[in-house]
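For reference, positions follow the sequence shown, starting with 1.
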Amino acid sequence: IYRMIEQRQASKIMVFCWRNEECRRCLALFKLLLEQRIEEAKDNRELADRLREVQTAHIFATWQRNERTDEMEEHVKKRLLHQFKTGKIEVLFNANYLSTGIDIPCTDAVVLTQKSKGVRQVLQRWGRALRSIATQPSKRGILAIVMSDPKESDEDKTKRKEFMGLDLAQKDDFGGC
């Protein structure tokens with residue numbers, strides 16, 4: 001994620017996780033890796049300063065934890081979405097909250113961290129980054145698949161690669177899925 005930001009490939013990134021607990025873990029890991037990258041970039045002050053500015057958030061509707069249900073207040077969700085749309089938040093983590101029914105065409109990239117329930121869910125999520133914007137006629141969406149399921153069979157991996165159109169022989173295709 002930080003490399004997309006660092007290389008100016010994306011500035012508004014949605015990260016989809018399996019559950020809210022995974023969102024929090026992914027968010028914490030991202031922040032840790034970002035801090036490491038800032039330290040590595042100390043000789044490049046412009047890059048280090050840019051990475052220090054990266055803002056993140058976790059958005060959810062409800063969250064079952066410790067035998068209770070937490071609900072994010074509507075005004076908080078609206079504020080987070082507004083901050084994402086305006087670029088104050090660059091990386092927005094969620095479980096299923098942003099999968100359907102929300103139109104945010106400014107999204108540059110979608111990161112999937114878990115196996116999806118089906119093709120339709122992948123397409124809905126990827127569609128967040130594919131929406132066109134009149135002010136960006138050459139906009140392109142990025143789909144990053146960052147997941148590891150040790151129980152996934154080689155046949156399922158091959159099917160997913162074929163569905164996504166990934167070709168490991170091509171230089172620009174990501175082969176880690």
Side-chain angles (χ1 to χ4, degrees), residues 1-41 47-48 50-66 68-73 76-77 79-85 87-102 104 106-118 120-130 141-152 156-157 160-161 163-164 166 173-177:
I1 297 170
Y2 72 82
R3 287 202 173 126
M4 283 188 261
I5 295 169
E6 186 177 298
Q7 296 171 5
R8 300 195 186 282
Q9 295 173 329
S11 62
K12 294 184 181 89
I13 303 167
M14 283 185 191
V15 180
F16 289 91
C17 303
W18 182 249
R19 297 179 319 202
N20 287 312
E21 291 80 10
E22 281 83 16
C23 283
R24 289 296 169 116
R25 283 196 286 276
C26 286
L27 177 56
L29 180 60
F30 173 69
K31 287 182 175 183
L32 179 68
L33 293 172
L34 189 62
E35 286 300 318
Q36 288 177 350
R37 183 61 187 128
I38 290 168
E39 180 61 29
E40 291 170 4
L47 175 59
R50 168 71 187 101
L51 293 176
R52 275 188 202 93
E53 295 172 355
V54 172
Q55 296 295 309
T56 62
H58 173 211
I59 191 169
F60 61 92
T62 60
W63 187 349
Q64 291 285 139
R65 58 182 168 171
N66 299 331
R68 71 171 203 242
T69 301
D70 292 333
E71 290 187 34
M72 183 174 279
E73 294 182 24
V76 174
K77 292 185 282 194
R79 179 178 44 86
L80 291 175
L81 289 173
H82 176 74
Q83 289 176 332
F84 182 73
K85 289 177 183 179
K88 290 181 182 172
I89 292 174
E90 293 177 78
V91 186
L92 192 55
F93 289 79
N94 79 102
N96 285 313
Y97 185 73
L98 300 172
S99 290
T100 59
I102 294 178
I104 307 176
C106 62
T107 305
D108 299 315
V110 169
V111 177
L112 304 179
T113 66
Q114 90 284 344
K115 187 175 179 179
S116 295
K117 294 177 184 174
R120 182 177 178 172
Q121 187 178 60
V122 171
L123 293 175
Q124 286 174 328
R125 290 175 174 183
W126 194 9
R128 301 287 168 241
L130 293 176
I142 298 171
L143 174 64
I145 304 166
V146 183
M147 61 181 151
S148 177
D149 182 355
K151 296 177 185 173
E152 186 175 32
D156 286 345
K157 287 179 188 175
R160 184 164 28 86
K161 288 175 188 175
F163 167 73
M164 293 295 179
L166 297 175
D173 277 357
F174 174 70
C177 69

Set of residues satisfying ring-ring contact (aromatic ring centres under 6.0 Å, His included) with respect to Phe60, sequence neighbours excluded: His58, Trp63
Atom of Trp18, atom of Ala95 and distance for their closest heavy-atom approach: O-CB, 4.0 Å
Min side-chain heavy-atom separation Leu81-Leu98 under 4.5 Å: yes
Test item: Thr62 side-chain N/O and Asp70 main-chain N/O as donor-acceptor pair under 3.5 Å: no
Residue pair Val91 / Phe30, side-chain heavy-atom distance below 4.5 Å: yes
Ala57 versus Leu27, closest heavy-atom pair with distance: C-CD2, 4.5 Å
Met72 and Leu80, any side-chain heavy atoms less than 4.5 Å apart: yes
Donor-acceptor contact below 3.5 Å, side chain Asp108 vs main chain Ile13: no
Electrostatic pair Arg3-Glu40, nearest N-O below 4.0 angstrom: no
Any donor-acceptor N/O pair, Asn94 side chain to Val15 backbone, under 3.5 Å: yes
Heavy-atom check, side chain of Arg37 versus side chain of Leu47, under 4.5 Å: yes
Side chain to side chain contact (heavy atoms under 4.5 Å, CB included), paired with Val54, selected from Ile89, Ile1, Leu34: Leu34
Glu22 and Arg25 ion-paired at < 4.0 Å: yes
Non-neighbouring partners of Ala61 that pass side-chain contact (heavy atoms from CB on, under 4.5 Å), sequence neighbours left out: Lys77, Tyr97
NZ-CD distance between Lys31 and Gln36, expressed to the nearest 0.5 angstrom: 15.0 Å
Atom pair NZ (Lys85) and OG1 (Thr107), whose distance is rounded to the nearest 0.5 Å: 9.5 Å
NZ on Lys88 to CD on Glu90, rounded to 0.5 Å: 13.0 Å
Ile5 side chain near Arg50 side chain, heavy-atom distance below 4.5 Å: yes
Shortest non-hydrogen contact between Ala48 and Ala41, atoms and distance: CB-O, 3.7 Å
Shortest non-hydrogen separation from Met4 to Ala109 and the atoms involved: SD-CB, 3.7 Å
